[in-house]
*Asks:* 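Once you've had a glance at the structure underneath, I'll fire off some questions.
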Amino acid sequence: MTEVLVVAGPAAAGEYVADILARAIQTDPETVLGLATGSTPLPIYAALAERVRTEGIDVSSVSGFALDEYVGIDPAHEQSYHHVIDAEVTQTLGLNPERVHVPSGNPDTLESAGAAYEEAIRAAGGVGWQILGIGANGHIGFNEPGSPIDSLTRQVPLTEQTRQDNARFFDSIDDVPRHAITQGVGTILRAGHLFLLAFGEHKADAVARAINGPVSPEIPASAIQQHPNVTVLLDAAAASGLDAAEYTVVTGTPAGV
Ligand code: GLP
């Protein structure tokens with residue numbers, strides 16, 4: 001079932017998801033988190049870090065698997081997802097770096113990197129809770145339009161729109177890599193529970209098509225309709241392409257649920 005919630009904004013969405021994840025970790029110290037990059041999930045990591053600190057939650061056995069990485073980027077580059085995940089998640093939450101995985105964008109090992117990543121996820125027992133943003137063109141991870149619903153971790157070309165959307169993180173558009181390695185849509189669908197977050201008017205069309213459009217590789221996020229446990233968290237602007245009857249307005253966190 002896809003539950004669609006409209007919250008006050010990014011901070012409220014972060015609190016909402018962090019609340020659920022904090023309780024999941026307290027129940028199962030070996031919780032496996034599916035980690036997304038981009039600006040959207042940052043409030044989750046900040047809110048969860050706050051809970052870890054104030055409630056003294058033991059995260060030493062928690063694992064994390066990032067969705068994707070640019071191909072050919074130095075892992076030490078500020079915009080590599082290795083760096084971003086380390087700074088925003090591993091350090092912020094105090095996770096064991098050995099338990100936090102990011103697909104390798106090393107061009108020399110790309111052929112085997114996808115299968116190796118799938119195997120690492122499997123060996124960890126699968127992702128329990130997957131955090132997702134959405135691209136303006138409906139991509140999840142770096143699964144651009146045309147990505148098969150059953151795709152697994154692999155190298156993909158980035159569209160011009162995605163390169164332009166992400167150019168703000170680089171000195172110039174020419175510095176934005178042209179390829180990425182990403183968990184497939186099929187990989188993402190194997191997670192136990194999906195959280196898809198989107199904020200702002202520029203995501204409204206992609207959100208509406210993901211929730212109401214036909215399930216199609218043209219809108220990779222539409223695959224969430226095939227997953228039994230999905231929570232979509234939106235602000236009012238990102239929900240503006242939906243009918244009010246399709247969502248629930250939430251003012252608090254799910255404490256006690
Ligand atoms: C990148 C990431 C996606 C992310 C998207 C949206 O393309 N690969 O996982 O969902 O950006 O980014 P933002 O959350 O900054 O809008």
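Below, all heavy atoms of this structure are taken into account, side chains as well, without hydrogens, waters or symmetry copies. Each ligand, and each atom within it, is numbered from 1 in the order the structure gives.
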*Asks:* Got the closest protein heavy atom to atom 12 (O) of ligand 1, with its distance?
*Replies:*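 Ranking protein heavy atoms by distance from atom 12 (O) of ligand 1, first comes G38 CA, 3.9 Å.
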*Asks:* Indicate the atoms forming the closest heavy-atom contact of L42 with G38, along with that distance.
*Replies:* CG-O, 3.8 Å
*Asks:* With heavy atoms under 4.0 Å as the rule, classify the contact between A36 and ligand 1 as side chain, backbone, both or neither.
*Replies:* neither
*Asks:* Among all the protein's non-hydrogen atoms, which is closest to atom 1 (C) of ligand 1, and how far away is it?
*Replies:*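 Ranked first by proximity to atom 1 (C) of ligand 1 is Y81 OH, 3.7 Å.
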*Asks:* Between E246 and N212, do the side chains contain a donor N or O and an acceptor N or O under 3.5 Å apart?
*Replies:*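 Indeed, the side chains of N212 and E246 share at least one donor-acceptor pair under 3.5 Å.
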*Asks:* Taking only non-hydrogen atoms of F199, do any sit less than 4.0 angstrom from ligand 1?
*Replies:* no
*Asks:* Against heavy atoms of T40, which atoms of ligand 1 measure under 4.0 Å?
*Replies:* 13 (P), 14 (O), 16 (O)
*Asks:* Report, in ascending order of atom number, the atoms of ligand 1 lying under 4.0 Å from any heavy atom of K203.
*Replies:*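 Selected atoms, number and element: 13 (P), 16 (O).
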*Asks:* Which atoms of ligand 1 have any heavy atom of G133 under 4.0 Å away?
*Replies:*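 So the atoms of ligand 1 that pass are 10 (O).
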*Asks:* For the OG1 atom of T231 and the CG atom of L194, what is their distance to the nearest 0.5 Å?
*Replies:*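 So the gap between those two atoms works out to 8.5 Å.
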*Asks:* Please write down residue, atom name and distance for the protein heavy atom closest to atom 5 (C) of ligand 1.
*Replies:* H139 NE2, 3.7 Å
*Asks:* Assess the side chains of E118 and T187: does a donor N or O sit below 3.5 Å from an acceptor N or O?
*Replies:* yes
*Asks:* Check whether any N or O atom of T37, backbone or side chain, sits under 3.5 Å from an N or O atom of ligand 1, and answer yes or no.
*Replies:*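 No, T37 has no N/O under 3.5 Å of an N/O on ligand 1.
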*Asks:* Do T159 and T162 pair up side chain to side chain, a donor and an acceptor below 3.5 Å, judged on atom types alone?
*Replies:* yes
*Asks:* Under a plain distance cut-off of 3.5 Å, with no hydrogens placed, do S104 and N106 share a side-chain donor-acceptor pair?
*Replies:* no
*Asks:* Atom CD1 in I140, atom CD1 in I134: separation rounded to 0.5 Å?
*Replies:* 8.0 Å
*Asks:* Report the part of N166 in contact with ligand 1, treating N, CA, C, O as backbone and CB onward as side chain, heavy atoms under 4.0 Å; options are side chain, backbone, both, neither.
*Replies:* side chain
*Asks:* Heavy-atom distances under 4.0 Å are what count here, so tell me which part of I134 touches ligand 1: side chain, backbone, both or neither.
*Replies:*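 Answer for I134: backbone.
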*Asks:* Under a 4.0 angstrom heavy-atom cut-off, which atoms of ligand 1 come close to F142?
*Replies:* 1 (C), 7 (O), 8 (N)
*Asks:* State the OG1-CG distance between T153 and D68, to the nearest 0.5 angstrom.
*Replies:* 10.0 Å
*Asks:* For R154 and N143, does a side-chain donor sit closer than 3.5 Å to a side-chain acceptor?
*Replies:*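 Yes, N143 and R154 have a side-chain donor paired with an acceptor closer than 3.5 Å.
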*Asks:* Ring centroid separation for H77 and F169, is it under 6.0 angstrom?
*Replies:* no
*Asks:* Taking distance alone, with N or O pairs closer than 3.5 Å, would you say G141 contacts ligand 1?
*Replies:*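 Yes, since at least one N or O of G141 sits under 3.5 Å from an N or O of ligand 1.
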*Asks:* Got the closest protein heavy atom to atom 8 (N) of ligand 1, with its distance?
*Replies:*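 So the nearest neighbour among protein heavy atoms is D68 OD2, 2.8 Å.
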*Asks:* Does ligand 1 come near enough to R168 that some N or O of the ligand is less than 3.5 Å from an N or O of the residue?
*Replies:*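 Yes: some nitrogen or oxygen of R168 is under 3.5 Å from one in ligand 1.
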